[in-house]
Amino acid sequence: VGPASLSRFRGTLTGALLGDCLGAEFEGAEEVPLDRVIQHLGSLEENRGDGILQYSDDTAMTRCVVQSLLSRSDFDDMDMARRFAEEYRRSPHRGYGAGVIRVFKKLLNPKCSDVFQPAREQFNGKGSFGNGGAMRAAPFALAYPDIHDVKKYARRCAQLTHASSLGYNGAVLQALAVHLALQGVMCWSEFLEVLIQEMEVVEGEQKSLSDARELNEGDYPFSNRLRKVKEFLQRNSVAIEEVVSELGNGIAALHSVPTAIFCFLHCLEPLPELPPHYNGLQRTIAYSLALGGDTDTIATMAAAIAGAHYGIEQVPDDWKNCCEGFEETEHWAERLYDLYQFRARGG
Ligand code: R7I
Ligand code: MG
Ligand code: MG
């Protein structure tokens, strides 16, 4: 697969969909034995498909992002906010975070004029640090070839629901990881090095420093966790318990975005505990589910990165056909590809 090829665009969006639909089975489970994961994934091969696995809020919001970017051909905060709120009103039972639904209700009020204000009012004015901004960040890497735009719009879109820098910086990191994977070529250490450098700049901003201190996370929390990822990858083996205790598997962006990046990088090579016929994308999803916790969200983020890296060729048809809405997903990937190419040519 060549750099920024159509296969990578299709892989990104389909990977994200797969991670959410397949991960929903285990969301919130404390321990997920690997043989249960393998059994669950194996059952997809016996199914007729037909989109029987429903997607959750992760995909519902990602679809809004894609549709807004395509219909406006750019980032439009009012249009984006309206789509999130309308989607919530249409299908409120997709498993949304307990706090974010208050944002949607305020956005649905016709008197709301500043679409960023409801997010600022969350959690006593501190804003949410949940991973809801990060879980929907992948499309920004597909709509914008320029890394500055990827960062800027992933952050602005996250700020519609997540005003804490520990929330929106997670979205920046996730979009950056997809952006790098989409370009291909890098080895894992270079990939991490670039992410750490980028996040050190992002986290050096005043609000990032003060938010992190207020939550007792210390300075540069995302950059520090990426260093931990590096340390894990340099070892011969890492136990799942250690990944969970050091990187996390929770609903905070800080406890899930670096974890998703670890899942992708750790699964670049075959793992002895996974079936030998699994390809890299299948390994990434299986491993993400085995961590337990916020499995749909960690898997959707890890598989979006993996899909950008490996391309659509690694997405098994029988896995894909089980996921609700897979046809539109592929169609949208093609349209995002055109938009990206248009911009890359200076359009
Ligand atoms: O971040 P968000 O959209 O939730 C996404 C998660 C994903 O796992 C989805 O799959 C879905 O299951 O939900 O929604 P928020 O409500 O903004 O944040 C999620 C949760 O994080 C909140 O309900 C809180 O429990 C917690 N949280 C906080 N708790 C205390 N103080 C987020 N921010 C804070 C905070 O500032
Ligand atoms: Mg979800
Ligand atoms: Mg989740």
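As the structure lists them, so they are numbered: ligands from 1, and atoms in each ligand from 1.
Using a non-hydrogen distance threshold of 4.0 Å, Glu27 registers as a contact of ligand 1. For the ligand labelled ligand 1, residue Gln122 lies outside the 4.0 Å heavy-atom shell.
The nearest protein atom to atom 21 (O) of ligand 1, hydrogens excluded, is given as Ile251 CD1, 3.3 Å; this is a heavy-atom distance. Distance from atom 17 (O) of ligand 1 to its nearest protein heavy atom, with residue and atom name: Ser128 OG, 2.7 Å.
We find that Glu200 and Arg227 are joined by a salt bridge, their nearest charged nitrogen and carboxylate oxygen being less than 4.0 Å apart.
Among Asp20, Val100, Asp211, Asp294, the residue whose heavy atom sits closest to atom 8 (O) of ligand 1 is Asp294. Selection from Leu166, Ile101, Asp57 by nearest heavy atom to atom 11 (C) of ligand 1 gives Asp57.
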Does Glu242 form a salt bridge (charged side-chain N to carboxylate O under 4.0 Å, His left out) with Lys228? I'd like the steps, not just the answer.
CA-CA 11 Å; Glu242 211 176 340; Lys228 192 78 193 172; 6.0 Å; no
Hey, mind stepping through Glu330 and Lys320 against salt bridge (charged side-chain N to carboxylate O under 4.0 Å, His left out) and telling me if it holds?
CA-CA 10 Å; Glu330 295 229 55; Lys320 181 183 78 183; 2.7 Å; yes
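Counting the atoms of ligand 1 from 1 in the order shown, those under 4.0 Å from a heavy atom of Asp58 are 9 (C), 10 (O). Applying the 4.0 Å criterion to heavy atoms of Gly127 picks out, from ligand 1, the atoms 36 (O).
Nearest N, O or S atom of Asp294 to the Mg ion (ligand 3): atom OD1. Looking only at N/O/S atoms, Asp296 comes nearest to the Mg ion (ligand 3) through OD1.
For the pair Arg156 and Phe75, the cation-pi test (distance below 6.0 Å, angle within 45°) is failed.
Counting only N and O atoms by type, the side chains of Thr300 and Asp20 include no donor and acceptor under 3.5 Å apart.
Taking 2.8 Å as the criterion, Glu27 does not count as a coordinating residue of the Mg ion (ligand 2), since none of its N, O or S atoms falls below it. Coordination check, Asp58 versus the Mg ion (ligand 2): passed, since an N/O/S atom of the residue sits under 2.8 Å.
Taking the ring centroids of His266 and Tyr287, they lie under the 6.0 Å cut-off.
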